[in-house]
Amino acid sequence: MTTSSLKKLYLDFFVKKGHQIIPSASLVPENDPTALFISAGMHPLVPYLLGEPHPLGKKLCSVQRCLRTGDIDFVGDGFHHTFFEMLGNWSLGDYWKKEAIGYSWEFLTKILQIPAEKISVSCFAGDQDAPRDEETAQIWQNLGIPREKIHFLGKKENWWGPIGQTGPCGPDTEMFYDTGKPVCGPDCNVACQCGKYLEIWNDVFMQYEKTAAGRYRWLKQRNVDTGMGVERVTAVLSGFEGDDYRTDAFWPIVEKIQSVSGQKYAGKNQVLMRIIADHLRAAVFLINDGVRPGNIEQGYVVRRLLRRAAVKMRLLTGKLASAGELKLITDTIKAKKELAAVIGEEMVKFEKTLDRGLRQVKKSKNFDGKTAFDLYQSYGFPFEITQELAQECGQKISQQAFAKELTQHQQISRQGATKKFAGGLADHSAVVTKYHTATHLLQQALRDVLGDQVHQIGSNITAERLRFDFTHPQALTSEEIEKVEKIVNQKIKAGLPVTMTTMSLAEAKKQGGLAFFEGRYADKVKMYSIGDYSKEVCGGPHVTSTREIGSIKVTRQKAVGAGRRRLYATLAHGS
Ligand code: ATP
Ligand code: MG
């Protein structure tokens with residue numbers, strides 16, 4: 001079984017069950033300031049899960065690219081990756097538990113022909129907020145799963161949401177494949193990560209709404225949201241259960257690492273090779289989605305992935321991977337042309353920082369956890385490397401001292417990350433909506449002033465500012481910026497109505513709608529028109545009249561790579 005044949009089987013199955021296919025969104029959320037990456041298939045669907053009608057209807061399915069930096073420490077086992085693809089099907093207020101679980105069961109046992117006796121499931125055990133999900137357990141039992149393979153677990157394992165303080169949430173039911181390995185101890189169960197039970201699929205039932213008062217009440221629109229890992233399931237179906245690296249998603253990369261390093265994918269090299277393959281693949285997909293190595297946010301993640309891969313190559317071969325070697329490896333992954341240049345440039349930089357880092361290591365007389373952590377933080381040196389370097393200088397650092405620094409830091413950044421996630425997603429607040437409409441006006445005004453070659457390559461909105469990336473060969477002059485601001489402010493003052501119609505992408509383009517994310521659109525799209533001034537294919541939401549926006553001020557511009565510019569703008573709020 002290949003990953004692409006699994007994806008096809010899945011989509012075909014759900015189309016037959018009346019679902020519409022939605023294309024994968026970019027790994028970088030387009031209009032969601034609250035998260036760095038898309039981490040599940042449901043993530044781009046949040047507005048629709050909250051009740052906005054989806055242009056394709058109530059039954060959807062997709063293959064979504066996902067990135068989970070939170071799983072980076074698991075990478076090295078055979079089934080957690082930073083980048084992976086998730087299959088998903090959704091009911092937006094349409095079918096419910098019986099149908100959803102029935103589909104999962106039919107797909108696993110009939111289409112994929114996984115023997116029923118290999119499957120166990122978990123259901124929500126119940127607590128003070130919501131009762132035990134006996135309904136779900138009963139459905140599984142009726143399908144033929146014996147009671148002893150139905151496990152009841154708590155909130156940590158079998159509950160989803162809400163994303164922020166309030167909103168949709170509910171129990172889920174997870175499906176596990178028993179690899180046949182022995183249990184790892186008396187407490188080993190489906191929730192254990194030892195690799196005996198592989199979680200393959202999760203069906204989430206959004207049936208409650210958590211209110212501001214902390215109560216859980218029945219939700220009006222009840223949704224089903226499911227997620228299945230492409231790599232894990234392909235491995236199971238190919239007889240490589242628990243080792244996704246043997247599937248076509250990774251094996252060509254692993255083979256290239258073997259030939260470049262002259263080592264075998266076995267023993268302790270196996271973990272190193274998995275990390276290298278995982279990180280390079282994730283970096284390639286991020287670069288493909290427009291991320292460039294840098295020191296903040298998404299860019300920093302790509303940088304760390306590439307550096308960590310290069311450093312792991314050093315552990316494998318005794319020397320740091322060269323740009324050329326990384327290129328050979330990443331060539332095995334389908335990618336855009338500019339990739340090699342991006343990786344090459346980053347590796348040259350890294351060789352330099354690594355040099356500086358090495359000098360610092362040689363200088364420091366007393367290695368301690370803090371030194372190791374600083375090297376880790378500033379130069380991307382994993383602890384093992386620092387430890388080795390210390391040894392070369394006849395010094396020793398304790399793993400505990402480093403771990404202590406690291407945990408402290410992780411707690412801080414995790415708080416940051418949860419805040420980032422919790423802060424919004426659902427928070428398509430009034431201000432963000434204004435920025436969103438302003439972005440459409442800005443794009444049209446830039447085209448008026450600079451020419452039609454201008455098109456959006458990305459945008460990012462927070463409650464404080466908008467950021468807009470577009471194609472343009474040189475810096476804007478201050479006159480050009482003034483002109484752009486003036487046009488946008490005129491259009492805001494004019495109080496143009498913002499309207500939305502649903503149509504095919506071809507029709508939207510025919511009507512002059514801007515749509516610059518090729519391949520990312522579904523068959524039916526939403527086209528937003530701002531008076532006669534701007535037409536753009538977009539998911540929304542938007543203000544109803546431009547007057548609500550207030551006024552715009554461009555605050556900053558910069559280059560973001562050859563032929564790409566970035567503008568920042570803020571709004572002074574209107575009515
Ligand atoms: P796990 O407990 O194995 O980490 P999870 O509970 O975090 O998984 P979900 O958030 O329910 O997983 O995601 C849905 C599905 O996506 C999982 O059932 C699994 O098949 C897949 N999946 C989740 N995380 C990863 C990952 N890091 N790498 C590969 N596949 C994953
Ligand atoms: Mg899960």
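We count residues from 1, following the sequence as given. These numbers come from the heavy atoms of this one structure, side chains and all, not from hydrogens, waters or symmetry mates. Start at 1 and go down the list; that is how both ligands and their atoms are numbered.
- Checked against a 6.0 Å centroid threshold, the rings of Y103 and W201 do not count as neighbours.
- With respect to the salt-bridge test (charged N to carboxylate O, under 4.0 angstrom), the residues K59 and E99 do not qualify.
- Near D71, the atoms of ligand 1 lying under 4.0 angstrom from a non-hydrogen atom of the residue are 24 (N), 26 (C), 27 (N).
- Interface of N202 with ligand 1, defined as ligand atoms under 4.0 Å from a residue heavy atom, comprises 11 (O).
- Within the cation-pi definition used here (under 6.0 Å to the ring centroid, within 45° of the axis), R65 does not qualify as a partner of F285.
- Counting atoms of ligand 1 from 1 in the listed order, those under 4.0 Å from a heavy atom of M86 are 13 (O), 14 (C), 16 (O).
- Residue I200 touches ligand 1 through its backbone alone, judged by heavy-atom distances below 4.0 Å.
- Proximity of the aromatic rings of F14 and Y10 is defined here by a centroid distance below 6.0 angstrom, and this criterion is met.
- Numbered from 1 in the order shown, with element, the atoms of ligand 1 that lie under 4.0 Å from a heavy atom of Q193 read 1 (P), 2 (O), 3 (O), 4 (O).
- Here W218 and Y208 bring their ring centres to under 6.0 angstrom of each other.
- Neither the backbone nor the side chain of E231 comes within contact range of ligand 1; no heavy atom lies under 4.0 Å.
- Of the candidates R68, H81, H80, H80 brings a heavy atom nearest to atom 1 (P) of ligand 1.
- For E157, the closest heavy-atom approach to ligand 1 does not fall below 4.0 Å.
- The proximity of F79 to ligand 1, defined as any non-hydrogen pair under 4.0 Å, is limited to the backbone.
- K58 NZ: 12 or fewer foreign heavy atoms inside a 6.0 Å radius.
- Annotation: M228 places no N or O atom under 3.5 Å from an N or O atom of ligand 1; distance criterion only.
- Any N or O atom pair closer than 3.5 Å counts here, and R232 shares at least one such pair with ligand 1.
- Proximity of the aromatic rings of F205 and F124 is defined here by a centroid distance below 6.0 angstrom, and this criterion is not met.
- For M175, the closest heavy-atom approach to ligand 1 does not fall below 4.0 Å.
- Taking the six-membered ring for Trp and the full ring otherwise, F250 and H81 have centroids separated by under 6.0 Å.
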